[in-house]
Undergrad: 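One structure, as structure tokens, below. Some questions next.
Indexing begins at 1, ligand by ligand and atom by atom, following the structure's order. By convention here, the first residue in the shown sequence is residue 1.
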Amino acid sequence: MKSIVVFCGSSDGYHESYREAAYTIGAMLAEQNIRVVYGGAKIGLMGAVAEGALAAGGKVIGVIPRFLETMEVAHDGLTELITVETMHERKLKMHELSDGIITLPGGWGTMEELFEMLTWGQLGLHSKPIGLLNVNGYYDALKALSDNMVTEGFLGEFISNSLLISEDPKELLEKMEAYTPVPTTKIMTKQTT
Ligand code: AMP
């Protein structure tokens, strides 16, 4: 992987560990010469990811819609800040610029970005690894919901396992590097094993 998009909260969360994890992920990607693509804001965990990567000498591309440029306080120290017109264009651009996806704790915006990539992967529209950093057990509830989707017959187990989860940034990246895309035949038939 040469370029990873990071989805995360525009807030900091109530525990310092969230911000620390975001900064660490940014720095770790930079140290491994992986370019960071993200939403272009300097606030919340988004800002922490960018700061971590920039401090470690990495390349960071922000993609921000014009109407959020002031509201979200665009980061002015990035390698490149791309301004787009709509939220849809923003997600498409981030998708085009990345070959892997990491999701950190965040709110509805983060979930929307993650789930679009999960559903596109499920339909075979991309085969990028998608990693979820489970800081502080933040995503335990999402994992439980996903397991319940499998139990209740709304999600194939094989597809559910394509969401890579770890509490440790380094382990998460290793899982993503080793990821083998779900074969399209399994996607279309919702095969479970
Ligand atoms: P949040 O996780 O809600 O703090 O949002 C994180 C990122 O998602 C920010 O860059 C927001 O601009 C973006 N975002 C917020 N709401 C939406 C939405 N409805 N659709 C797509 N992205 C969103």
Side-chain angles (χ1 to χ4, degrees), residues 3-26 29-30 34-54 58-123 125-126 128 130-146 163-167 169 172:
S3 181
I4 286 185
V5 63
V6 181
F7 300 141
C8 60
S10 52
S11 306
D12 282 323
Y14 288 142
H15 299 287
E16 185 53 31
S17 52
Y18 295 127
R19 222 186 139 76
E20 281 169 11
Y23 189 93
T24 301
I25 279 278
L29 294 176
I34 298 173
R35 185 179 67 178
V36 172
V37 177
Y38 84 117
K42 69 175 177 189
I43 53 172
L45 299 195
M46 298 172 77
V49 170
E51 290 311 321
L54 291 169
K59 290 196 172 71
V60 184
I61 300 192
V63 185
I64 197 159
R66 199 174 301 282
F67 79 95
L68 281 183
E69 220 171 335
T70 44
M71 239 171 80
E72 277 200 301
V73 201
H75 199 299
D76 56 9
L78 305 176
T79 314
E80 191 183 351
L81 182 68
I82 300 174
T83 306
V84 292
E85 297 307 321
T86 67
M87 297 296 270
H88 286 106
E89 268 182 65
R90 181 201 221 181
K91 279 184 294 175
L92 186 60
K93 179 57 82 179
M94 291 196 288
H95 169 58
E96 286 168 354
L97 291 172
S98 62
D99 43 29
I101 298 127
I102 291 181
T103 300
L104 307 180
W108 285 357
T110 304
M111 290 300 90
E112 199 267 350
E113 291 163 338
L114 168 67
F115 274 96
E116 181 159 270
M117 285 299 106
L118 284 174
T119 51
W120 287 14
Q122 172 175 260
L123 294 170
L125 299 175
H126 75 76
K128 305 175 197 184
I130 305 178
L132 191 64
L133 190 70
N134 193 13
V135 184
N136 255 348
Y138 183 73
Y139 282 121
D140 287 352
L142 180 62
K143 174 77 174 85
L145 177 61
S146 187
L163 176 60
L164 309 170
I165 307 176
S166 176
E167 293 166 16
L172 186 65

Undergrad: Inspect the surroundings of NE2 in His88 and state if more than 12 heavy atoms from other residues, nucleotides or ligands are less than 6.0 Å away.
TA: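 It does not: His88 NE2 has 12 such atoms or fewer within range.
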
Undergrad: Have a look at ligand 1 and work out which part of Lys91, if any, has a heavy atom under 4.0 Å from it: side chain, backbone, both or neither.
TA: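 For Lys91, there is no contact with ligand 1 at all, from either part.
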
Undergrad: Return the residue, atom name and 0.1 Å-rounded distance of the protein heavy atom closest to atom 5 (O) of ligand 1.
TA: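 The closest one turns out to be Gly109 CA, 3.5 Å.
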
Undergrad: With heavy-atom distances below 4.0 Å as the criterion, list the atoms of ligand 1 near Leu68.
TA: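 Selected atoms, number and element: 12 (O).
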
Undergrad: Testing the 3.5 Å rule here: is there a donor-acceptor pair between the side chains of Ser17 and Asn136?
TA: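 Looking only at side-chain atoms, Asn136 and Ser17 do form a donor-acceptor pair, the distance falling under 3.5 Å.
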
Undergrad: Run through His75, Lys42, Arg19 and flag the one making a side-chain hydrogen bond (donor to acceptor under 3.5 Å, both in side chains) with Glu51.
TA: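 Among His75, Lys42, Arg19, the one meeting side-chain hydrogen bond (donor to acceptor under 3.5 Å, both in side chains) with Glu51 is His75.
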
Undergrad: Starting from atom 23 (C) of ligand 1, what is the nearest protein heavy atom, named by residue and atom, and what distance separates them?
TA: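 The answer is Met87 CE, 3.3 Å.
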
Undergrad: Near Ser10, which atoms of ligand 1 are under 4.0 Å from a heavy atom of that residue?
TA: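 So the answer, numbered in order with elements, is 1 (P), 4 (O), 5 (O), 6 (C).
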
Undergrad: For Glu85, is there an ion pair with Arg66 - N to carboxylate O distance below 4.0 angstrom?
TA: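 Salt bridge present between Arg66 and Glu85.
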
Undergrad: Distance to 0.1 Å, residue and atom name: give those for the protein heavy atom nearest to atom 20 (N) of ligand 1.
TA: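 Of every protein heavy atom, Glu112 OE1, 3.4 Å lies nearest to atom 20 (N) of ligand 1.
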
Undergrad: Is there a polar contact between ligand 1 and Arg90, counting only N or O atoms under 3.5 Å apart?
TA: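 Yes.
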
Undergrad: Could you list which atoms of ligand 1 come closer than 4.0 Å to a heavy atom of Met46?
TA: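 What qualifies from ligand 1 is 9 (C), 10 (O).
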
Undergrad: Does His126 use its side chain to pair, donor to acceptor, with the backbone of Met117 at less than 3.5 Å?
TA: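 Checked: pair present.
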
Undergrad: I'd like to know whether His95 forms a side chain to side chain donor-acceptor pair (under 3.5 Å) with Glu116, so could you lay out the CA-CA distance, the side-chain angles of the two residues, the decisive distance to 0.1 Å, and finally the verdict.
TA: CA-CA 10 Å; His95 169 58; Glu116 181 159 270; over 6 Å; no

Undergrad: Does Lys59 come within less than 4.0 Å of Glu80, counting only side-chain N to carboxylate O?
TA: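 Looking at Glu80 together with Lys59, the answer is no, because their closest N to O distance does not fall below 4.0 Å.
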
Undergrad: Which is it for Cys8 and ligand 1 at heavy atoms under 4.0 Å: side chain, backbone, both or neither?
TA: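 The answer is the backbone of Cys8.
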
Undergrad: Applying side chain to side chain contact (heavy atoms under 4.5 Å, CB included), run through Thr79 and Arg35 and close with a yes or a no.
TA: CA-CA 10 Å; Thr79 314; Arg35 185 179 67 178; over 6 Å; no

Undergrad: For Gly9, take its heavy atoms, then give the atoms of ligand 1 lying under 4.0 Å from any of them.
TA: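 Atoms satisfying the 4.0 Å criterion: 2 (O), 4 (O).
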
Undergrad: For atom 9 (C) of ligand 1, grab the closest protein heavy atom and report residue, atom and distance to one decimal in Å.
TA: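 Going by distance alone, atom 9 (C) of ligand 1 is nearest to Glu72 OE2, 3.4 Å.
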
Undergrad: Has Asn134 got a side-chain atom pairing as donor or acceptor with Tyr138's backbone, closer than 3.5 angstrom?
TA: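 Yes, because the side chain of Asn134 sits within donor-acceptor range (under 3.5 Å) of the backbone of Tyr138.
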
Undergrad: Hey, is atom 1 (P) of ligand 1 under 4.0 Å from any protein heavy atom?
TA: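 For atom 1 (P) of ligand 1 the answer is yes, since some protein heavy atom falls inside 4.0 Å.
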
Undergrad: Using a 4.0 Å cutoff against the non-hydrogen atoms of Thr110, which atoms of ligand 1 qualify?
TA: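 Result: 1 (P), 2 (O), 5 (O), 6 (C), 8 (O).
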
